[in-house]
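In what follows, a single structure is set out as structure tokens and then discussed.
Each chain gets a letter, A, B and so on, in the order the sequences are listed, and its residues count up from 1.
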There are 2 protein chains.
Amino acid sequence: MNLKNQVEWALHCCAVMMALPEGVYLPAKVLAEFHGVPKEYLSKALQALSQHGIVIGTLGPSGGYRLARAPDQISFLDIVEAVEGKRSTFRCEEIRGNNPCVPRRHRAGKPCTVARIMWKADEAWRESLRGVSLTDLAAQLAEDVPDDVLAKSRAWLLERA
Amino acid sequence: MNLKNQVEWALHCCAVMMALPEGVYLPAKVLAEFHGVPKEYLSKALQALSQHGIVIGTLGPSGGYRLARAPDQISFLDIVEAVEGKRSTFRCEEIRGNNPCVPRRHRAGKPCTVARIMWKADEAWRESLRGVSLTDLAAQLAEDVPDDVLAKSRAWLLERA
DNA sequence: GCGGAAGTACTCGGATACCCACTGTCCGAGTAGGGAGGG
DNA sequence: CCCTCCCTACTCGGACAGTGGGTATCCGAGTACTTCCGC
């Protein structure tokens with residue numbers, strides 16, 4: 001079981017979009033070149049973000065994407081769920097109903113016990129992602145990435161925005 | 001992104017194996033019939049459990065599977081990781097290295113910032129599963145499942161063990 | 001010189017092929033139990 | 001009657017095809033800038 005690599009791309013794209021001044025858009029082409037990934041496919045991830053109101057896309061020359069909200073209003077969970085969907089990673093197929101000792105038309109009141117435990121773990125995962133915003137990411141990046149790389153990257157991006 | 005349905009099957013199989021007396025083995029065929037799933041494919045999940053020391057398989061007539069440890073020594077995480085693997089659900093492909101502003105041979109000290117956050121969430125998921133043992137499941141099942149169904153199921157299984 | 005309109009080039013967005021992993025199935029290796037035969 | 005040996009039948013274990021979602025790609029719809037023309 002793996003998350004799709006679009007998740008990684010989407011997160012990194014949101015990270016760099018934080019560096020954009022107000023009213024400036026960054027084309028998918030530039031984002032793709034910056035991260036070294038196929039442009040056409042990356043645009044699908046950006047589309048997903050756009051459809052969920054996390055980024056805004058604009059057409060025409062000087063078009064592209066920018067964040068739709070302030071970075072502290074966008075959590076990792078928003079981005080991950082936009083790409084991966086809100087469904088739990090665990091699907092309960094109700095195999096307990098196949099038990100030959102259970103009457104055929106038995107209506108279970110509660111969901112399957114096993115499923116409840118798995119869903120709780122899934123919720124713990126989501127809760128962890130919900131607690132990290134893009135602002136938190138920016139603070140961490142400021143520590144991890146050397147200042148000159150950060151500055152050069154920002155210049156490189158603005159040059160092509 | 002979905003967990004494979006073998007995870008669900010493995011969990012339910014471990015649940016019913018708790019009902020077995022000491023020294024009794026339950027064939028994959030019976031487990032498959034009980035849960036209404038294809039026997040040949042279910043055996044793959046049981047093989048995974050066997051290879052990770054969670055259950056023990058025996059050949060020949062009256063052979064089958066039984067739990068390898070006491071139920072309170074087997075956590076949901078053990079079972080899930082046996083089937084799904086221990087790898088994090090998030091794969092970091094180090095696309096930050098493709099940044100044209102980073103010197104080619106740059107050795108990053110820390111892992112990617114984004115990856116660290118995703119891995120932390122993954123660890124939260126695992127921690128939640130680590131905290132639930134088969135004993136806990138049994139206690140919950142005793143509340144959820146009517147007593148007569150529980151008794152009939154146990155009898156049905158022992159009849160074929 | 002200035003305003004407006006048409007043309008152009010660039011963008012996003014959805015529709016279309018390819019491929020790997022999960023799903024499902026099969027057959028062979030190995031063993032434990034049962035039965036037959038001999039003591 | 002009991003022990004031993006052999007045979008059978010049942011089990012697990014690994015190797016073999018089919019299919020759906022993820023991956024990758026293409027082309028069309030739409031817009032903002034630019035340029036040209038008329039006033």
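Residue P111(A) comes nearest to W119(A) through the heavy atom pair CB-CZ3, 3.8 Å, listed as atom of the first residue, atom of the second, then distance. Shown here for A28(A) and S43(A), the closest heavy-atom pair between the two residues is CB-CB, 4.5 Å.
Contact annotation: Y41(A) side-chain N/O to dT25(D) OP1/OP2 distance is not under 4.0 Å. Note on S50(B): a side-chain N or O is less than 4.0 Å away from OP1 or OP2 of dG13(D). Close to dG14(C), at under 4.0 Å from its OP1 or OP2, lies a side-chain N or O of Q51(A). Between S43(B) and the phosphate of dG13(D), there is no side-chain N or O to OP1/OP2 separation shorter than 4.0 Å.
Put simply, the residue from D136(A), L129(A), L134(A) that forms a side chain to side chain contact (heavy atoms under 4.5 Å, CB included) with V132(A) is D136(A).
Regarding L42(A), its CG atom lies at a distance of 14 Å from the C1' atom of dT25(D), rounded to whole Å. Counting to the nearest Å, the P atom of dG13(C) and the CG atom of L46(A) are 9 Å from each other. Summarising the geometry, the separation between NZ on K29(B) and C1' on dA9(D) is reported as 11 Å, rounded to the nearest angstrom. Between the P atom of dC12(D) and the CG atom of L49(B) lies a distance of 13 Å, rounded to the nearest Å. Rounded to an integer number of Å, the gap from K39(B) NZ to dT11(D) P is 8 Å. Rounded to an integer number of Å, the gap from L59(B) CG to dG14(D) P is 11 Å. Across the protein-nucleic acid pair, K4(A) atom NZ and dG20(D) atom P stand 17 Å apart, rounded to whole Å. Distance NZ (K44(B)) to C1' (dT25(C)): 11 Å, rounded to an integer number of Å.
Residue contacts shown for N2(A) are absent, as no nucleic acid heavy atom lies under 4.0 Å away. Counting any heavy atom pair closer than 4.0 Å across all strands shown, Y25(B) reaches no nucleic acid atom. Across all strands shown, E84(B) has no heavy atoms under 4.0 Å from either base or sugar-phosphate atoms.
Counting only heavy atoms from C-beta on, P38(B) has its side chain closest to dT25(C) among dT11(C), dT25(C), dT31(D). Candidate nucleotides dC12(D), dA32(D), dG24(C) were compared by shortest atom distance to the side chain of N5(B), and dG24(C) ranks first. Set against dA24(D), dT23(C), dT11(C), the side chain of W9(A) has dA24(D) as its closest nucleotide. Distances were taken from every side-chain heavy atom of P61(A) (C-beta onward) to each of dC12(D), dT31(D), dC26(C); the shortest belongs to dT31(D).
D122(B) places a side-chain N or O within donor-acceptor distance of the main-chain N or O of T89(B), the cut-off being under 3.5 Å.
Ring geometry for W156(A) against F34(A) counts as tilted: the plane angle lies between 30° and 60°, on a 0 to 90° scale.
Place M1(B) and G60(B) on DNA chain D by their nearest nucleotides, and G60(B) ends up nearer the 5' end. Annotation: of the two residues near DNA chain D, E40(A) and G57(B), the 5′-most nearest-nucleotide partner is G57(B).
Residues satisfying the salt bridge (Lys or Arg N to Asp or Glu O under 4.0 Å) test with E84(A), not counting sequence neighbours, are none.
Scanning atom types as modelled, one donor and one acceptor separated by under 3.5 angstrom connect the side chain of Q47(B) and the base of dG14(D).
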